[in-house]
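What follows is a set of notes on a single structure, which appears directly below.
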There are 2 protein chains.
Amino acid sequence: MIKRRKNSVPPPPPDCPLRKCMELLSGAWTPDIIWYLRDGERRFNELQTDLPGVSAKMLTTRLKRLERLGVILRSPKPTSPPTVWYGLTPLGLELVGALSVVVDIGHRLKQSHEGSFETRL
Amino acid sequence: MIKRRKNSVPPPPPDCPLRKCMELLSGAWTPDIIWYLRDGERRFNELQTDLPGVSAKMLTTRLKRLERLGVILRSPKPTSPPTVWYGLTPLGLELVGALSVVVDIGHRLKQSHEGSFETRL
DNA sequence: CAATCAGGTTACCATCTGGTAAGCATTCAC
DNA sequence: GTGAATGCTTACCAGATGGTAACCTGATTG
């Protein structure tokens with residue numbers, strides 16, 4: 001019997017530019033990782049402390065995905081113990097541009113609202 | 001016995017501007033809704049056809065949330081049957097600015113990759 | 001009165017997400 | 001050889017997400 005996949009049609013427009021690019025930024029910690037790479041390469045452990053609360057599992061998962069999507073570049077160095085540096089590709093740098101607009105708005109939100117607001121429904 | 005909430009600490013920095021603004025854009029269909037309101041008010045049913053595949057439930061949920069967050073404005077008109085128009089607030093317009101950068105990148109992705117790429121891990 | 005339209009709401013449930021905890025491989029210093 | 005550091009991987013599972021289907025209210029039209 002064929003297993004019916006029920007939740008498989010959320011995004012009907014498969015080539016929508018908005019959706020296509022937003023997917024690069026989707027998932028917990030994804031924008032944070034890109035943002036923390038904006039000034040140059042970082043190592044795995046550096047990112048772990050840059051992003052307090054991220055688990056090694058998530059970090060690995062996100063870094064792999066971002067590498068596969070062409071957003072970041074993974075370069076292991078033959079030090080000992082071996083270290084791995086992650087840096088942005090040109091595409092990654094473009095995303096930093098988008099994120100900086102987002103960060104700008106975030107700053108202004110902080111000033112105007114100041115009191116936290118609930119974002120959950 | 002106190003019920004332990006296990007998944008409650010993803011974002012330790014509660015006032016991070018990046019996170020704060022990205023939350024406004026989070027959730028399925030959220031960027032799409034904001035994007036389709038960029039040229040002026042739309043009605044509930046118009047949005048439903050703008051976004052093929054969205055369910056009435058999701059649309060209601062998102063519109064309510066975006067209204068509560070100050071991104072959109074809901075204005076029911078006393079026509080018959082009554083219609084409801086949704087439009088962007090100044091904050092919503094700022095988000096359109098961010099999204100247009102995203103859309104730009106999406107366009108360039110389409111041109112360079114052309115073949116679809118998988119965004120799932 | 002029944003049907004229709006606008007704009008929802010609700011119940012139910014499959015799937016996805018991301019957390020914790022543990023383990024693993026390599027290399028070097030003691 | 002034992003332990004620490006670096007960079008992962010795996011199993012397990014709670015809770016969040018978002019889909020479908022059905023229902024609702026109030027006004028208008030026939």
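Just so it is clear: chains get the letters A, B, ... in the order the sequence lines come, proteins before strands, and each one is counted from 1.
- Rounded to whole angstrom, the span from the CG atom of D32(A) across to the C1' atom of dG18(C) amounts to 14 Å.
- We find that CG of L63(A) is positioned 11 Å from C1' of dC8(D), with the value rounded to whole Å.
- Between the NZ atom of K77(B) and the P atom of dG7(C) there is a distance of 12 Å, given to the nearest Å.
- Of the two residues contacting DNA chain C, namely T79(A) and Y86(B), the nearest-nucleotide position lying further toward the 5' end is that of Y86(B).
- In the displayed structure, Y36(A) atom OH is contacted under 6.0 Å by at most 12 heavy atoms of other residues, nucleotides or ligands.
- Regarding contacts with the backbone of dC28(C), a side-chain N or O of S80(A) is found under 4.0 angstrom from either OP1 or OP2.
- One atom, CZ of F44(B), and another, C1' of dT25(D), lie 15 Å apart when rounded to the nearest Å.
- Remark: R19(A) is positioned above the aromatic ring of W29(B), its terminal NZ or CZ atom under 6.0 angstrom from the ring centre and at most 45 degrees off the axis.
- We find that CG of L59(B) is positioned 11 Å from P of dT9(C), with the value rounded to whole Å.
- At the heavy-atom level, T83(B) lies under 4.0 Å from the strands shown only through sugar-phosphate atoms.
- Mapping P82(A) and T60(A) onto DNA chain D by nearest heavy atom places P82(A) at the nucleotide closer to the 5' end.
- Connection of L63(A) to V84(A) is established within a shared hydrophobic cluster, with ILVMFWY side chains joined at heavy-atom distances below 4.5 Å, either directly or through further cluster members.
- A close approach under 4.0 Å does occur between a side-chain nitrogen or oxygen of N45(B) and OP1 or OP2 of dG7(C).
- Using a 4.0 Å cut-off, some side-chain N or O of K64(A) falls inside it from OP1 or OP2 of dT9(D).
- In this structure, the CD atom of E46(A) is 13 Å from the P atom of dC8(D), given to the nearest Å.
- Rounded to an integer number of Å, the gap from R74(A) CZ to dG7(D) P is 9 Å.
- For A56(B), taking side-chain heavy atoms from C-beta onward, the closest of the listed nucleotides dG18(D), dT20(D), dT9(C) is dT9(C).
- The side chain of R62(B) places an N or O atom within less than 4.0 Å of a non-bridging phosphate oxygen (OP1 or OP2) of dG18(D).
- Contact of the E46(B) side chain with the W85(B) side chain is registered, since non-hydrogen atoms from C-beta on lie closer than 4.5 Å.
- Panel note: side chain T89(A), backbone L73(A); no donor-acceptor pair is recorded below 3.5 Å.
- Toward the 5' end of DNA chain C, the nearer of the two residues P81(A) and M58(A), judged by each one's closest nucleotide, is M58(A).
- Rounded to whole Å, the distance from CG on D50(B) to P on dG7(C) is 13 Å.
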